[in-house]
Amino acid sequence: MDSPCASLLSRFELPPLPFMATSPDVSQVLLPLGGLVGREVDLDAFLQTLVDRIAVTMQADRGTLWLLDPARDELFSRAAHLPEVSQIRVKRGQGVAGSVAQHGEPVNMPTPGGESRFFADIDRLTGYRTTTNLAVPLRDTGGTLYGVLQVLNRRGGERFTEDDVQRLQAIATQVSQALQRTSLYQELQRAKEQPHAPVGYFFNRIIGESEPLKVIYRLIQKAAPTDATVLLRGESGCGKELFARAVHVNGPRRDKPFVKVDCAALPATLIENELFGHEKGAFTGADHRVPGKFEAAEGGTVFIDEIGELPLPVQGKLLRVLQDREFERVGGTQTLKMDVRIVAATNRDLARMVAEGKFREDLYYRIKVVELVLPPLRERGGEDIERLTRHFIASAARRHRLPQPRLNALALERLKRYRWPGNVRELENCIESAVVLSEGEILEEHLPLPKVVDAASAPPPTEPRAVDGEPGNVLPLAEVEKRHILRVLELVKGNRTAAAKALRIGRNTLGRKLKEYGLSDEG
């Protein structure tokens, strides 16, 4: 199959199912892939592998997953065995798949000869000769048809039987349940509500089709199949962990552990122990050997979040891991070999830290083999903000067992105008709050965002009055700083660690300033 994702498919390929004289268990189609449904998997590769297994189970030569495009009232091939063309579209009612979409009933065509429902133009386009044809509808949990599952040419020259019809219907039910747990399905729902909006989906759970994100998608597709070290840079809250998981799950290590270490959440004295483990007697209270994250992730991926917070002595030990793939536990002398991939992330300017002597230059160049600079939400445009908003509405309603509310047009415009200093994380928290507080429709008043002052109704500014030769109504610098810090704390819902990251100061520095303002540093 010629596809941009052809190089990714080998990582999802599974042993073929044996052909059976009796009906094979249809659960074999999805069971090996079930663990990928909730992960940041490349959707092209995932769906193509799914179609491969369906064709094998049905003993068919080819298979096609069709999805409904509500804007044009057409079916388009989303995953298929179509080496001749990249995609095929048919009108509702056109051909076998179109007939299933129109009437909602299975079609089993033993031979295309004399069949009005057979659309011969597809065979002429592809050069493929269809002899037998079976298609069934895909429905969501509400019974709405949103696609078609089709198989062609039963192997051995046989016809598809009634047992085959029932088997493919059972498979379609499983496939639909799986698809409804992916971000692809949410995109289809969005397109239904907005028929002229483009439908985009690249990696499951990663929402967005803006040009800056498309660049990131292409880089991940290139980097994921390798063992290259990846550095993710971007502001706090822009989804670095999601992209790190995408690198892992779309690579050859996807069935091995993905282990996260958050350097900002650990005291400097504990980070080395967390990464490398310790031996019995290494320090007071070390009454037994404890393996570190690198040992726990053997064969998989270690995600080092906020690597800019890594103390200089530990940076040297990490450099050795990257160069020689070996280390010693704290308090140990035995050299341990390891096989892990490293993905790191930071919101700090590491190049500046190198210049200031706060980050090792040799480590910096070792970790930025592949560098992905994630765009802040404000640079991704209104289309991505809307996509994310609708995704978070559906997720929050499902999580809190609430009916999914509608999104008011004025509320959507307010979301698009806001600058989102906390990025995607702030948007997700905002939408979750709105879903909980709304009653059937999310209005502007349900959004926990700063109030917008209407310039026309705002009182005119007062002229500063000079007092003893000094300008009036000018806040002291300390007061400006205090107000800014308290505002940032409000935006991150009181999370002191997140506020320190946003302000680019240390957690201890933030605590000291809060004490100066008469506030406790607890929480």
Would you compute the distance between atom [atom1] of [X] and atom [atom2] of [Y] and round it to the nearest 0.5 angstrom?
X: Leu179; Y: Leu65; atom1: CG; atom2: CG; value: 6.0 Å
X: Lys214; Y: Glu209; atom1: NZ; atom2: CD; value: 4.5 Å
X: Leu232; Y: Lys368; atom1: CG; atom2: NZ; value: 13.0 Å
X: Thr64; Y: Leu149; atom1: OG1; atom2: CG; value: 8.5 Å
X: Arg390; Y: Glu386; atom1: CZ; atom2: CD; value: 4.5 Å
X: Ile54; Y: Arg167; atom1: CD1; atom2: CZ; value: 13.0 Å

Atom CD of Glu379 with >12 non-hydrogen neighbours under 6.0 angstrom = yes
query = Near Arg399 CZ, under 6.0 Å, is it more than 12 heavy atoms from other residues, nucleotides or ligands?
reply = yes
Do [X] and [Y] come within less than 4.5 Å of each other through their side chains, counting heavy atoms only?
X: Arg233; Y: Leu372; answer: no
X: Glu272; Y: Pro313; answer: no
X: Ile304; Y: Ile367; answer: no
X: Val230; Y: Phe303; answer: no
X: Met338; Y: Leu336; answer: no
X: Ser77; Y: Leu82; answer: yes
X: Ile342; Y: Val321; answer: yes
X: Thr226; Y: Arg341; answer: yes

message = Please determine whether side-chain contact (heavy atoms from CB on, under 4.5 Å) holds for the pair Ile171 and Gln174, giving the CA-CA distance in whole Å, both sets of side-chain angles, and the decisive distance to 0.1 Å.
response = CA-CA 5 Å; Ile171 290 172; Gln174 288 191 353; 5.6 Å; no
message = Tell me whether the NZ or CZ atom of Lys317 lies within the 45° cone about the ring axis of Phe276 and under 6.0 Å from its centre.
response = yes
query = Between Phe258 and Lys260, is there a cation-pi geometry (under 6.0 Å to ring centre, at most 45° from the normal)?
reply = no
Provide the closest heavy-atom pair for [X] versus [Y] in the form atom of the first, atom of the second, distance.
X: Val51; Y: Gly63; result: CG1-O, 3.4 Å
X: Leu310; Y: Val314; result: CD1-CG1, 3.9 Å
X: Thr301; Y: His248; result: OG1-ND1, 2.7 Å
X: Leu322; Y: Arg325; result: O-NE, 3.9 Å
X: Leu213; Y: Ile207; result: CD1-O, 3.8 Å
X: Pro375; Y: Pro212; result: CG-CB, 3.7 Å

Output yes when [X] and [Y] qualify as a salt bridge under the 4.0 Å nitrogen-oxygen rule, no when they do not.
X: Glu309; Y: Arg348; value: yes
X: Asp227; Y: Arg253; value: yes
X: Glu295; Y: Arg329; value: yes

I'd like to know if the side chain of [X] and the backbone of [Y] have a donor-acceptor N/O pair within less than 3.5 Å.
X: Thr389; Y: Ile385; value: yes
X: Lys240; Y: Gly234; value: yes
X: Arg78; Y: Leu67; value: no
X: Lys416; Y: Glu383; value: no
X: Glu40; Y: Val249; value: no
X: Asp305; Y: Val261; value: no
X: Glu274; Y: Lys293; value: no
X: Asp42; Y: Phe203; value: no
X: Arg62; Y: Ala55; value: no
X: Arg39; Y: Arg254; value: yes

query = Tyr146 vs Tyr185 aromatic rings, parallel, tilted or perpendicular, using cut-offs 30° and 60°?
reply = perpendicular
Can you give the donor-acceptor pairs under 3.5 Å from side chains of residues 427-435 to other protein atoms, not counting sequence neighbours?
{"residue": "Asn429", "atom": "ND2", "partner": "Arg425", "partner atom": "O", "Å": "3.3"}
{"residue": "Glu432", "atom": "OE2", "partner": "His400", "partner atom": "NE2", "Å": "2.7"}

Any donor-acceptor N or O pair under 3.5 Å, side chains [X], [Y]:
X: Asn423; Y: Glu235; answer: yes
X: Gln169; Y: Thr173; answer: no
X: Ser183; Y: Asn204; answer: yes
X: Asp384; Y: Ser210; answer: yes

inquiry  = Determine whether Thr335 and Glu328 satisfy the following criterion, side chain to side chain donor-acceptor pair (under 3.5 Å), listing intermediate values before the conclusion.
reply    = CA-CA 5 Å; Thr335 298; Glu328 286 92 33; 2.6 Å; yes
task = Could you walk me through whether Glu298 and Lys337 pass side-chain contact (heavy atoms from CB on, under 4.5 Å), step by step?
result = CA-CA 10 Å; Glu298 179 63 23; Lys337 291 287 186 180; over 6 Å; no
request  = Decide side-chain contact (heavy atoms from CB on, under 4.5 Å) for Leu319 and Arg366; before the verdict, give the C-alpha distance in whole Å, the side-chain angles of both, and the deciding distance to 0.1 Å.
outcome  = CA-CA 7 Å; Leu319 178 63; Arg366 278 284 182 179; 3.5 Å; yes
ask   = Going through the distances and angles, do Val424 and Leu388 end up as a side-chain contact (heavy atoms from CB on, under 4.5 Å)?
value = CA-CA 8 Å; Val424 179; Leu388 285 160; 4.2 Å; yes
